[in-house]
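For reference, the structure discussed in these notes is given below.
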Protein chains: 2
Amino acid sequence: MKVNLKMLSESLGLSQTTVSRALNGYSDVSEATRQRVVEAARALGYQPNPQARQLATGRANAIGIVYPFGASDIGDIRFGEVVSGITERLAEHNLDLLIHSSRPDVELDTYRRLIDGRRVDALIVARTRADDPRIRFLQTRQFPFVAYGRTVTSTPYAWFDFDNEKGGRLAVERLLALGHRRIALIHAPLELNFAQQRRAGFMAALRDAGLKPDAKLIVEAPLNRIGGYEAVVRLMKMKNPPSALLVDNNVAGVGALRALGDNGWKPGEGMSLIVYDGIPSEIPLTYRVTAIAQPTGESSGHSLADLVVDVLAGKPLAELHKLGEPVLTVGDTDGQP
Amino acid sequence: MKVNLKMLSESLGLSQTTVSRALNGYSDVSEATRQRVVEAARALGYQPNPQARQLATGRANAIGIVYPFGASDIGDIRFGEVVSGITERLAEHNLDLLIHSSRPDVELDTYRRLIDGRRVDALIVARTRADDPRIRFLQTRQFPFVAYGRTVTSTPYAWFDFDNEKGGRLAVERLLALGHRRIALIHAPLELNFAQQRRAGFMAALRDAGLKPDAKLIVEAPLNRIGGYEAVVRLMKMKNPPSALLVDNNVAGVGALRALGDNGWKPGEGMSLIVYDGIPSEIPLTYRVTAIAQPTGESSGHSLADLVVDVLAGKPLAELHKLGEPVLTVGDTDGQP
DNA sequence: ATCGTAAGCCGAAGCGCTTTGGATGTAAAC
DNA sequence: GTTTACATCCAAAGCGCTTCGGCTTACGAT
């Protein structure tokens, strides 16, 4: 038999009002009564009914995330971790996470349902696209949200994203410190945001070191293994080949590794190699690849949740940004030229 | 300005009662009025407030799933898909999916919070363990749930699981049909449920064909690559080696493949190979491995959601089971002996 | 003795829906 | 012509919580 506010207040000889306010930390109840109330609540195992509270306050105490149905690219693998991180942090604020997935073509309808049905107080927009209709939609509806990934819009909004530029820099700085001067970059097609950003970091780091990037050492490759393989072959055929290489994604990275291996490369000797995101653990290797590692899914989830809480607290959107800091994890594939 | 029941009913000149019952398909409202009501509701964009409805009915219209925090083994990869499948199907019944994750040590507390807080009407228990305290807990509390994976308990409960036994059979039947008689099995440690079950299917299929399994051809190997590698080496060293091999998991499968390759094996020649779950796509191969494939995450999600709905509908638990059917996907690694 | 103030408490009105227990009218049954 | 039985519809009472406005009381100030 569940105990409710009424029973609790009667057992205390107080009004529901007072008990409610005591429990919710209002100042117009004496510290002594608050103690009594809290104690009695615990003793009786009182748990406020969230539905009633929500009806009274108008808030849903839940955050929504709608996930594009059937999206199964790389990022997916970490989805579970991100969700873990989000829920863990949200729980501290007594917020639930509502997950929906929907086919991309009816995605906006799902958003509408969630919002109009007042099922959530805010949304997390996963897998943002460069020009994202969902974000435009939420902005015109003035509904609170946090974007997981940046997008282009003039109106300020809260977002979390990875600091791809910094990752590019980190790799270059490491290689420069080892003494490399001719550093190559294999990057994914530039319509992809991250490729753009990592490349920018790569170039900036070179320039900061007083070097001017050699255009011939910067090659674009399709986002697949073959792409990485062929790009490496091309680089190695040059009259004046690079002494170090950064591959800006781990798909092409696998191909690049293969190409190097096919050419008799041994880790640590000859060409230094850094792969963004590292080589997936499914690929059996006897050595470790030096890599730029993204923050874990859990920490990303924490950041997202924090931003959601801030948005709901009404903090100015223009300040609600967070970049996930990549780190360099040193392996066996780089060394002095 | 959101329109509510009151406004809707006033605009129609009907009582809230009638409008409510019309919308909810009760029989004591004439078809004509129902039409009018439905139409007006759509015209005004009426969306019932779920919190109010929940408060009145006592149901939460949401299903919970709590995911062990930081669980990051193989199954994880499909987590997103499973969630997609669940939410898609639940949406058809107007149910939301609430996700929580929690450290294993406080998992039961999370369950308690969800239940006592009446946040969900039922739970999905993910990653069931052989003897699962969560299931015991839910059973004693008499709270509706569906287990994702079987467990041991005498009380009936609803579950979804993969038909591992059938998978084992499928592989053997295929090999038998190809003409193989000496078929080996490399299986994971038997404390793992799936190993137990796949092995049972393997043996049963042999017996059904009138063959008696050769104990020397059935080897247990640790659930890692080395395990698979060494098991194959052992099998190949035998005086009378098998002509075909089933590896009951894809982790050992990768090692097995490696071992075969190191011994000059070519796919389709010599030893036939079938790997349960196939070889992860991250491993670059020029040929396709014959495999036993599990149902997709989405279809598993659908099954889980269907079971939840049935449980809530009060169907007898003893009948609410569903086995995900594995299929054999033919590749290039098996052939006649 | 009176007033003002602040601290502490409470009554009652919602929040938006469902549902119980009739009320009303009309057609079929007697 | 009176019953009976439906078929429709509705008033009002909740569901369990928050919150607005107001009421006491105690006490130092006047």
Side-chain angles (χ1 to χ4, degrees), chain A residues 1-38 40-41 44-62 94-96 113 115-121, chain B residues 1-38 40-41 44-62 94-96 113 115-121:
Chain A
M1 190 75 301
K2 287 300 298 176
V3 20
N4 57 22
L5 229 210
K6 189 172 173 198
M7 299 160 73
L8 177 59
S9 60
E10 277 167 1
S11 89
L12 278 162
L14 288 170
S15 76
Q16 292 193 34
T17 306
T18 303
V19 174
S20 169
R21 298 184 75 83
L23 255 19
N24 290 315
Y26 280 71
S27 61
D28 61 353
V29 37
S30 77
E31 197 46 41
T33 359
R34 182 194 315 286
Q35 289 298 339
R36 269 180 65 215
V37 170
V38 169
L44 296 186
Y46 170 69
Q47 292 246 50
N49 179 317
Q51 272 89 40
R53 187 206 293 270
Q54 287 160 20
L55 181 56
T57 60
R59 273 172 296 114
N61 285 318
N94 243 303
L95 293 168
D96 289 323
R113 277 228 322 282
I115 297 175
D116 291 341
R118 303 181 208 63
R119 292 180 137 78
V120 295
D121 298 321
Chain B
M1 192 74 302
K2 284 303 294 177
V3 19
N4 57 21
L5 230 210
K6 189 171 172 199
M7 299 161 72
L8 177 60
S9 60
E10 278 168 0
S11 88
L12 278 162
L14 288 169
S15 75
Q16 293 193 34
T17 307
T18 303
V19 175
S20 168
R21 297 184 77 85
L23 257 18
N24 290 317
Y26 280 73
S27 62
D28 62 353
V29 39
S30 76
E31 197 47 40
T33 9
R34 185 196 312 287
Q35 289 298 339
R36 271 181 64 216
V37 170
V38 169
L44 297 186
Y46 170 69
Q47 292 247 48
N49 178 316
Q51 273 88 41
R53 185 206 293 270
Q54 288 160 19
L55 180 57
T57 61
R59 275 172 295 112
N61 286 316
N94 243 302
L95 293 168
D96 289 322
R113 275 228 324 280
I115 297 174
D116 292 339
R118 299 179 210 63
R119 293 179 136 79
V120 295
D121 299 320

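Protein chains get the first letters and strands the later ones, always in sequence-line order, with residue 1 at the start of each. Only heavy atoms go into these numbers, but all of them, side chains included; no hydrogens, no water, no symmetry mates.
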Which pairs, protein N/O on one side and nucleotides 10-13 of chain D N/O on the other, fall under 3.5 Å?
from	atom 1	to	atom 2	distance (Å)
D:dC10	OP2	B:S15	N	3.0
D:dC10	OP2	B:S15	OG	3.3
D:dC10	OP2	B:T18	OG1	2.8
D:dA11	N7	B:T17	OG1	3.3
D:dA11	N6	B:T17	OG1	2.6
D:dA12	N6	B:T17	OG1	3.2

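- Between B:R119 atom CZ and D:dC17 atom P there is a gap of 13 Å when expressed in whole angstrom units.
- Every side chain to side chain contact (heavy atoms under 4.5 Å, CB included) that A:T33 has, sequence neighbours left out, goes to A:L14, A:V29, A:S30, A:R36.
- Every salt bridge (Lys or Arg N to Asp or Glu O under 4.0 Å) that A:R119 has, sequence neighbours left out, goes to B:D96.
- Distance B:R34 CZ to D:dA7 P: 14 Å, rounded to the nearest Å.
- Taking B:Q35 as the reference, B:E31 meet the side chain to side chain contact (heavy atoms under 4.5 Å, CB included) condition, with sequence neighbours excluded.
- When each of B:S30 and B:A52 is assigned the nucleotide of DNA chain D with its nearest heavy atom, B:S30 is the one assigned upstream, toward the 5' end.
- Here the range on DNA chain C touched by chain B, meaning any atom under 4.0 Å from one of its heavy atoms, is C:dG16 to C:dT20.
- Not a single donor-acceptor pair under 3.5 Å links the side chain of B:R59 to the backbone N or O of B:Q54.
- Qualifying side chain to side chain donor-acceptor pair (under 3.5 Å) partners for A:R118, counting only residues two or more places apart in sequence or in other chains: none.
- For A:T57, there are no side chain to side chain donor-acceptor pair (under 3.5 Å) partners two or more places apart in sequence or in a different chain.
- Residues passing the side chain to side chain contact (heavy atoms under 4.5 Å, CB included) test with A:D28 are A:R21, A:Y26, sequence neighbours excluded.
- Put simply, the side chain of B:N61 never gets that close to the backbone of B:L95: no donor and acceptor are under 3.5 Å apart.
- If you take CD of B:E31 and P of D:dC9, they are 11 Å apart, rounded to a whole angstrom.
- Whole-Å rounding puts the A:L55 CG to D:dG14 P distance at 17 Å.
- In this model, the phosphate group of D:dA7 is not approached by any side-chain N or O of B:Y26 to a distance below 4.0 Å at OP1 or OP2.
- Residues passing the side chain to side chain contact (heavy atoms under 4.5 Å, CB included) test with B:A52 are A:L55, B:N49, sequence neighbours excluded.
- Residues that satisfy the side chain to side chain donor-acceptor pair (under 3.5 Å) test with A:R113, not counting sequence neighbours, are absent from this structure.
- Defining each end axis of the helix from C:dA1-D:dT30 to C:dC30-D:dG1 as the rotation carrying four pairs' C1' atoms onto the next four, with five pairs an end, the two axes are found to diverge by 60° to 10 degrees.
- Every residue meeting the side chain to side chain donor-acceptor pair (under 3.5 Å) condition with B:T18, not counting sequence neighbours, appears here in chain and number order: B:S15.
- Taking atom CD of residue A:Q47 and atom P of nucleotide D:dC17, one finds them 11 Å apart after rounding to whole Å.
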